[in-house]
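Below, chain A is the first sequence line, B the second, and so on; all start at residue 1. Computed from a prediction, not measured in an experiment: that's the story for all the values here.
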Amino acid sequence: MWVSETMLQQTRVDTAVPYYERWMAALPTVDALARAGDEQVLRLWEGLGYYARARNLSRAAREVRERFGGRIPADPDQLRTLPGVGAYTAAAVASIAFGRDVAAVDGNVRRVLARLAAVAGPARRPPASRTLEALAAALLPPGTARVHNQAVMELGALVCTPRDPACAACPVAGPCRARAAGRPEAYPERTQKKTVPHHRVAVGIVCRDDGRVFIDRRPYGGLLGGLWEFPGGKIEPGETPEDALHRELDEEFGLRVAVEGALGPVPHAYTHFRVTLHPFLCRFASMVPRAGEGRPWQWVPGDALDRYPMPRANRKILAQLRTSNLEPERKRSPCPPGSPT
DNA sequence: AAGTCGTGGCA
DNA sequence: TTGCCAAGACT
C-alpha cells in the first residue's frame with residue numbers, strides 16, 4: 001500500500017500499475033528496499049517522474065528498519081514522520097492497510113466534498129482545505145474507513161470528474177449543493193495559472209573511438225535529481241545551439257568535442273516550464289577536468305546506457321538517434337548502439 | 001504562501 | 001500547439 005500510494009501521487013492508476021508490478025517483483029520487502037542502491041531504485045522509477053518520491057521511499061525504508069524495527073507503523077502520526085509520507089499517504093496507508101479510522105483526503109475527495117457542500121475557495125488552501133478536511137472526517141462512518149476512503153476517491157475519479165461530471169450516475173446527486181446551483185464543474189475554484197517559460201537547451205552525445213559515451217549525474221535535491229544525462233545546457237539569447245553546446249561542455253567539464261551532426265529538436269514539457277532540446281552527435285577531442293567539486297561523470301559503453309536511470313527526454317534523443325542516419329563512421333565499435341528498453 | 005518537482009493523456 | 005490535470009510532499 002505504501003509503495004502504491006507513493007506511486008499514485010499525482011499519477012494515474014494506469015500509468016503506475018506496470019511500475020508497481022516491476023517494483024514489487026524486484027523489491028518485495030522493506031528490508032530489500034532498505035538495502036537497494038539509489039541506482040537500482042531510480043532505474044525502477046525511471047519514467048514515473050517526481051523522482052524525490054523514489055529517493056524518499058528508500059530513505060524511509062531505512063528509517064523503518066532503524067526506528068520501527070523493520071515494521072511499518074500503523075499509526076498515521078508515526079507514518080507521517082517518514083520522508084515522502086504526507087497527510088494523505090499516511091491516512092491512506094493507515095486506513096487501507098491497517099484498518100485505522102482516518103479520512104484520507106486527496107484531490108478526488110476535495111473535489112467531491114467541495115461540490116457536495118458548495119465550498120468556496122481553492123480546495124488546496126485554507127480556509128477551504130480545513131473545511132474539507134473537517135467535512136471528510138465528519139462524513140466518515142465509524143469502522144468503515146478502509147472501504148469508505150477508496151469509495152469516495154473512486155467516485156471522484158469515475159463520476160464526479162473535474163470536467164463534465166456524470167451527475168446522472170452519482171449516488172449523492174440528491175444532496176449535492178453544487179448540482180443544485182446548476183454548475184457542479186465550477187467547484188472547486190481553480191487557482192490562476194502562470195504562463196510557463198520556454199527554454200532551449202543544447203545537448204551533446206559525445207562519443208569516443210572506443211564506443212563509450214559521456215554522461216553526467218544530476219545533483220540530488222533538484223530537478224531530475226540523481227539521474228544520469230547527456231551533458232549540455234541552456235542556450236542563451238543570441239547564441240546558436242552549437243555555440244551553447246561547446247560553451248557548456250567546456251565550462252562544466254573542460255570537455256572539447258567536434259560536432260558531427262545534429263538531430264531533430266526534441267520538445268519536452270515539465271511541470272512549470274517547457275524545453276526544446278537540440279541534440280548534437282559529437283566526437284570526443286580532449287578533456288581537462290575542472291578542479292573542485294563538479295558533478296559526477298563517466299564514459300559508458302553505448303549498449304550499457306539502458307542500465308542507468310535517465311530522464312525521459314534523454315531517452316527520446318536516444319530513440320531518435322537509433323532511427324536516424326546520423327550514426328558516424330565507426331573506428332572500432334558502434335557509437336552508441338544503445339537500445340534503451 | 002507560493003514554488004518546486006515529471007510525465008502522459010486529452011481536448 | 002497549448003493548456004489542463006492526475007490517489008501530493010517538501011521547502
Side-chain angles (χ1 to χ4, degrees), chain A residues 1-20 42 45-57 59-60 79-97 103-113 121-130 132-133 136 146 148-158 160-165 185 188 190-198 218-227 229 265-277 309-316:
Chain A
M1 287 310 308
W2 178 26
V3 170
S4 68
E5 289 298 342
T6 303
M7 286 186 171
L8 288 169
Q9 291 167 8
Q10 302 288 282
T11 306
R12 287 185 170 79
V13 175
D14 289 347
T15 302
V17 165
Y19 285 88
Y20 176 79
L42 286 172
W45 203 272
E46 184 192 306
L48 260 187
Y50 290 132
Y51 297 94
R53 295 183 294 175
R55 301 192 302 267
N56 284 335
L57 209 42
R59 264 211 303 150
L79 283 164
R80 184 71 181 73
T81 67
L82 294 168
V85 180
Y88 165 75
T89 303
V93 171
S95 64
I96 301 172
V105 182
D106 73 336
N108 286 311
V109 176
R110 280 194 203 87
R111 185 173 58 255
V112 168
L113 298 183
R124 287 184 145 79
R125 300 212 295 257
S129 61
R130 302 199 189 289
L132 294 169
E133 284 158 22
R146 175 176 283 150
H148 178 84
N149 283 337
Q150 296 181 80
V152 181
M153 288 190 278
E154 201 73 355
L155 182 65
L158 301 181
C160 194
T161 50
R163 289 172 298 199
D164 196 24
E185 69 281 359
R190 269 73 163 175
T191 55
Q192 67 231 18
K193 300 292 198 290
K194 295 173 172 147
T195 57
V196 299
H198 196 294
R218 297 181 60 89
Y220 273 73
L223 183 75
L224 306 166
L227 272 60
E229 68 176 5
V266 175
H268 193 77
Y270 293 95
T271 306
H272 53 293
F273 65 94
R274 295 170 180 276
V275 293
T276 301
L277 268 31
M310 296 182 82
R312 220 52 171 171
N314 274 233
R315 296 284 181 214
K316 283 188 199 170

Review point. OP1 or OP2 of B:dG6 less than 4.0 angstrom from a side-chain nitrogen or oxygen of A:His268, does that happen here?
Key: no
**Study point:** Atom pair CG/CG of A:Asp106 and A:Asn149 - distance to nearest 0.5 Å
**Key:** 9.0 Å
**Study point:** Separation of C:dA9 P from A:Leu223 CG (nearest whole Å)
**Key:** 20 Å
Practice item. For nucleotides C:dA7 and B:dA2, find the distance between their P atoms and express it as a whole number of Å. Key: 23 Å
**Study point:** Gap in Å between the two C1' atoms, one belonging to B:dA1 and one to C:dA9, rounded
**Key:** 15 Å
Check your understanding: Can you find a side chain N or O atom of A:Arg110 that sits less than 4.0 Å from OP1 or OP2 on C:dG8?
Key -> no
**Study point:** Phosphate OP1/OP2 of C:dA9: any A:Thr89 side-chain N/O under 4.0 Å
**Key:** yes
**Study point:** Whole-Å distance separating the NE2 atom of A:His198 from the C1' atom of C:dT1
**Key:** 10 Å
Exercise for review: For C:dC4 and B:dG6, measure between their C1' atoms and round to the nearest Å.
Suggested key: 15 Å
Point to revise | 5′-ward residue of the pair A:Gln9/A:Arg125 relative to DNA chain B | key: A:Arg125
Point to revise | P atoms of C:dT2 and B:dC5, separation to the nearest Å | key: 22 Å
Review point. Please give, in whole Å, the distance from C:dC5 P to A:Leu158 CG?
Key: 18 Å
Review point. Looking at C:dT2, B:dC5, C:dC10, which one has an atom nearest to any side-chain atom of A:Asn56?
Key: C:dC10
Exercise for review: Establish, with yes or no, whether the OP1 or OP2 oxygen of B:dG8 is under 4.0 angstrom from a side-chain nitrogen or oxygen of A:Arg312.
Suggested key: yes
**Study point:** Distance-only donor-acceptor test (3.5 Å): side chain A:Thr15, base B:dG9
**Key:** no
Review point. Reckon A:Glu154 touches a base, only the sugar-phosphate, or nothing at all at heavy-atom distances under 4.0 Å?
Key: base
**Study point:** A:Asn56 side chain to A:Arg59 side chain, donor-acceptor N/O pair below 3.5 angstrom
**Key:** yes
Point to revise | Any donor-acceptor N/O pair, A:Arg55 side chain to A:Gly225 backbone, under 3.5 Å | key: yes
Review point. Are A:Tyr270 and A:His268 an aromatic pair by the rule of ring centers under 6.0 Å?
Key: yes
Check your understanding: Under 4.0 Å between a side-chain N or O of A:Tyr51 and OP1 or OP2 of B:dT7?
Key -> yes
Check your understanding: With respect to the side chain of A:Pro126, which nucleotide from B:dC5, B:dA1, B:dG8 is positioned closest?
Key -> B:dA1
Exercise for review: Looking at every strand, decide which applies to A:Arg190 at a 4.0 Å heavy-atom threshold: base, sugar-phosphate, or nothing.
Suggested key: sugar-phosphate
Point to revise | side-chain hydrogen bond (donor to acceptor under 3.5 Å, both in side chains) between A:Arg53 and A:Thr11, intermediate numbers included | key: CA-CA 12 Å; A:Arg53 295 183 294 175; A:Thr11 306; 3.1 Å; yes
Check your understanding: Counting any heavy atom closer than 4.0 Å, what does A:Leu48 reach on the DNA or RNA strands: base, sugar-phosphate only, or nothing?
Key -> base
Study note, to complete from the structure: Separation of B:dG6 atom P from A:Met310 atom CE, nearest Å, is 15 Å
Point to revise | Distance in angstrom units between A:Arg218 CZ and B:dC5 P, rounded | key: 9 Å
**Study point:** Spacing between A:Tyr270 atom OH and B:dG8 atom C1', to the nearest angstrom
**Key:** 14 Å
Exercise for review: Quick one: do A:Met153 and A:Val109 satisfy side-chain contact (heavy atoms from CB on, under 4.5 Å)? Show the steps, please.
Suggested key: CA-CA 6 Å; A:Met153 288 190 278; A:Val109 176; 3.7 Å; yes
Practice item. Describe the nucleic acid contact of A:Gly47 in one word from base, sugar-phosphate, nothing, applying a heavy-atom distance below 4.0 Å. Key: sugar-phosphate
Point to revise | Value in whole Å for how far the C1' atom of C:dT11 lies from OH of A:Tyr220 | key: 19 Å
Check your understanding: When the distance from OH of A:Tyr50 to P of C:dT11 is rounded to whole Å, what number comes out?
Key -> 16 Å
Practice item. Identify the heavy atoms of A:Leu79 and A:Ala90 that sit nearest to each other, and give their distance. Key: CD1-O, 3.6 Å
Practice item. Report yes if a side-chain nitrogen or oxygen of A:Arg80 is closer than 4.0 Å to either non-bridging phosphate oxygen (OP1 or OP2) of C:dA9; otherwise report no. Key: no
Check your understanding: When the nearest nucleotide of DNA chain C is assigned to A:Pro83 and to A:Leu8 on a heavy-atom basis, which residue is associated with the more 5' position?
Key -> A:Leu8
Revision key, fill the gap. Comparing nearest nucleotides in DNA chain C, the 5'-proximal residue of the pair A:Val85, A:Glu5 is A:Glu5
Check your understanding: NA contact type, A:Ala16, heavy-atom cut-off 4.0 Å: base, sugar-phosphate, or nothing?
Key -> nothing
Check your understanding: Can a side chain N or O of A:Arg53 be found less than 4.0 Å away from OP1 or OP2 on B:dC5?
Key -> no
Practice item. Select one nucleotide: of C:dG3, B:dC5, B:dG6, the one nearest the side-chain heavy atoms of A:Val196. Key: C:dG3
